[in-house]
Amino acid sequence: LDEVMQHSPRQRTFLVLINPAGGSGKAEKIYDKVESFLVLANVRVEKIVTERPHHALDVAEHLDLVKYDCLVIVGGDGLVYEVVQGFMKRLDWAAAIQFPLGILPAGSGNGLAKSICEAAGEISSPESCMYLSVKGRPVPLDVATLRNASTTCYLVLSLTWGFMAEIDYESEKYRFFGGQRFVVGTLVKLLAPKTWNGTFSYLESTADDADVPRFQASDSPAPELSVLPPLGTPVPPKWKTIEGPMSMFWAMNVSHASTDAHIAPPARLDDGFFHVVVMEGKASRGDYAGVMLGLEKGQHVDQPAVQLIKTRAFQLQTPDEHVLMADGERCDGGTWQVEVHRGMARVMSV
Ligand code: ADP
Ligand code: MG
């Protein structure tokens, strides 16, 4: 045993955050099944089971960055979103947002865990995610500022509007279906196709911005915005604009929106871009069916009705009463701007 201990890795301390309300309520069971990975890797564990919404945000806001080596999040994308907002509230946000995160899929939307596993060449499962958290190293992940006139928050997954936003929001009531809630929500929505009026303006990425600058920590009170125009001013002339009725708007930071939704096949964890799936005009039921059937394998992007746009910064204007979902959190419509900070966060991967 002495020999084994000599070769075992140095002792580390991980804080594990578990959301018992995520997905169909199995997060604690999921974690218990893979806790032994931590023990075998000589990791000391402290565990917090979240007791309410915003609990994870509070934990991240006050996390001792020196005491722990990694924060393992056992939940869905909503719990990750809370942790990111908590880090960004801190005075030392630039250090906090670089804190290594391990992500275990235990919600109904596990898009980030799936995207990380896909990038690492692993199947998305609690076992492989725990393996990456224990054996891997921190790799950069893009984070984006999302702002309107009154609020700013930080996205790691997606911004949706119209069709998918309403499905995501309304399907909360189908939560007991677990991952299937999105499918059920889609079927309900497909019965009544409609369009959403708005204006989407974006800085189109070109070959010469293949090397987007990486995030640099600074003493500024918030990440610097170098591309967006001030709110309320016209967008720069070289930006492109799509205006009028749209049938789909799905802006992704990473490749997968959930385990079975490969929305942005070209997206990399730290490419510095958002990838936006847009359907202009009124889509037929056939168009929608083609898109929904193609999502799992990323084949929807081959549909003639679909555009896939790569951008570092964009603005979306919609009527106030429209539903937007920012990383799965509901927001009202209006004028919103997004700018990507390349590699600002770090997640455990290979
Ligand atoms: P899902 O993918 O199923 O939405 P998440 O882990 O993303 O699962 O969590 C959904 C929401 O659950 C989060 O927004 C979080 O605020 C909330 N939450 C966390 N802990 C609790 C709790 N103990 N009771 C109720 N809600 C909670
Ligand atoms: Mg990106």
Side-chain angles (χ1 to χ4, degrees), residues 15-34 46-63 71-89 101-117 124-126 129-130 133 141 143 146 151 153-160 164-186 250 252-261 263 295 323-332 345 347:
L15 182 63
V16 178
L17 204 52
I18 304 174
N19 179 5
S24 37
K26 298 204 184 81
E28 287 181 273
K29 265 196 187 138
I30 289 172
Y31 171 72
D32 288 345
K33 269 179 66 184
V34 294
E46 283 178 35
K47 201 165 92 174
I48 296 178
V49 177
T50 57
E51 286 161 12
R52 54 187 163 79
H54 283 222
H55 190 169
L57 191 155
D58 295 340
V59 169
E61 190 181 353
H62 302 290
L63 184 74
L71 176 62
V72 177
I73 300 171
V74 188
D77 294 314
L79 207 65
V80 181
Y81 176 81
E82 280 198 16
V83 165
V84 168
Q85 310 318 305
F87 283 157
M88 295 306 293
K89 274 181 81 175
L101 299 177
I103 318 283
L104 259 62
S108 45
N110 305 301
L112 186 56
K114 174 67 183 180
S115 301
I116 292 167
C117 285
S124 176
S125 67
C129 289
M130 187 56 114
S133 302
L141 170 72
V143 179
L146 169 69
T151 52
C153 63
Y154 298 91
L155 302 175
V156 282
L157 191 75
S158 64
L159 180 71
T160 61
M164 280 319 300
E166 290 181 14
I167 287 172
D168 198 3
Y169 182 59
E170 290 164 14
S171 67
E172 280 287 324
K173 52 179 172 270
Y174 310 113
R175 176 169 285 272
F176 59 90
F177 284 112
Q180 295 302 314
R181 73 184 169 97
F182 297 107
V183 179
V184 177
T186 306
W250 198 337
M252 292 292 303
N253 184 38
V254 292
S255 59
H256 286 72
S258 70
T259 312
D260 43 19
I263 310 308
L295 287 179
V323 177
L324 268 64
M325 296 295 276
D327 276 16
E329 298 292 309
R330 203 219 133 117
C331 308
D332 290 333
V347 290

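Order of listing sets the numbers, starting from 1, for every ligand and every atom in it.
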Enumerated ligand 1 atoms positioned under 4.0 Å from heavy atoms of [X]:
X: Asp77; answer: 7 (O)
X: Glu82; answer: 14 (O), 15 (C), 16 (O)
X: Glu51; answer: 22 (C), 23 (N)
X: Gly23; answer: 1 (P), 3 (O), 8 (O)
X: Gly78; answer: 7 (O)

*asked:* Show me the pairs that pass salt bridge (charged side-chain N to carboxylate O under 4.0 Å, His left out) and involve residues 101-115, at least two apart or across chains.
replied: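 The answer is Lys114-Glu118.
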*With heavy atoms under 4.0 Å as the rule, classify the contact between Arg52 and ligand 1 as side chain, backbone, both or neither.*
backbone
*Ala21, portion touching ligand 1 at heavy-atom distance under 4.0 Å*: side chain
Whether [X] side chain and [Y] backbone form a donor-acceptor pair below 3.5 Å:
X: Ser115; Y: His256; result: yes
X: Asn110; Y: Gly107; result: yes
X: Glu329; Y: Gly78; result: no

*Taking side chain as C-beta onward, heavy atoms only, is Val254 less than 4.5 Å from Leu112?*
yes
*Answer whether the closest heavy-atom distance between the side chains of Ile116 and Cys129 falls below 4.5 Å.*
no
*Heavy-atom nearest neighbour of atom 8 (O) of ligand 1 within options Ala27, Gly75, Gly22*: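 Selected option, by shortest heavy-atom distance: Gly22.
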*asked:* Going by the closest heavy atom to atom 19 (C) of ligand 1, which one wins out of Asn110, Asn19, Val49?
replied: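 Selected option, by shortest heavy-atom distance: Asn19.
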*side chain to side chain contact (heavy atoms under 4.5 Å, CB included) assessment of Asp327 paired with Val156*: CA-CA 7 Å; Asp327 276 16; Val156 282; 3.2 Å; yes
*Would one find an N or O of Gly109, backbone or side chain, under 3.5 Å from an N or O of ligand 1?*
yes
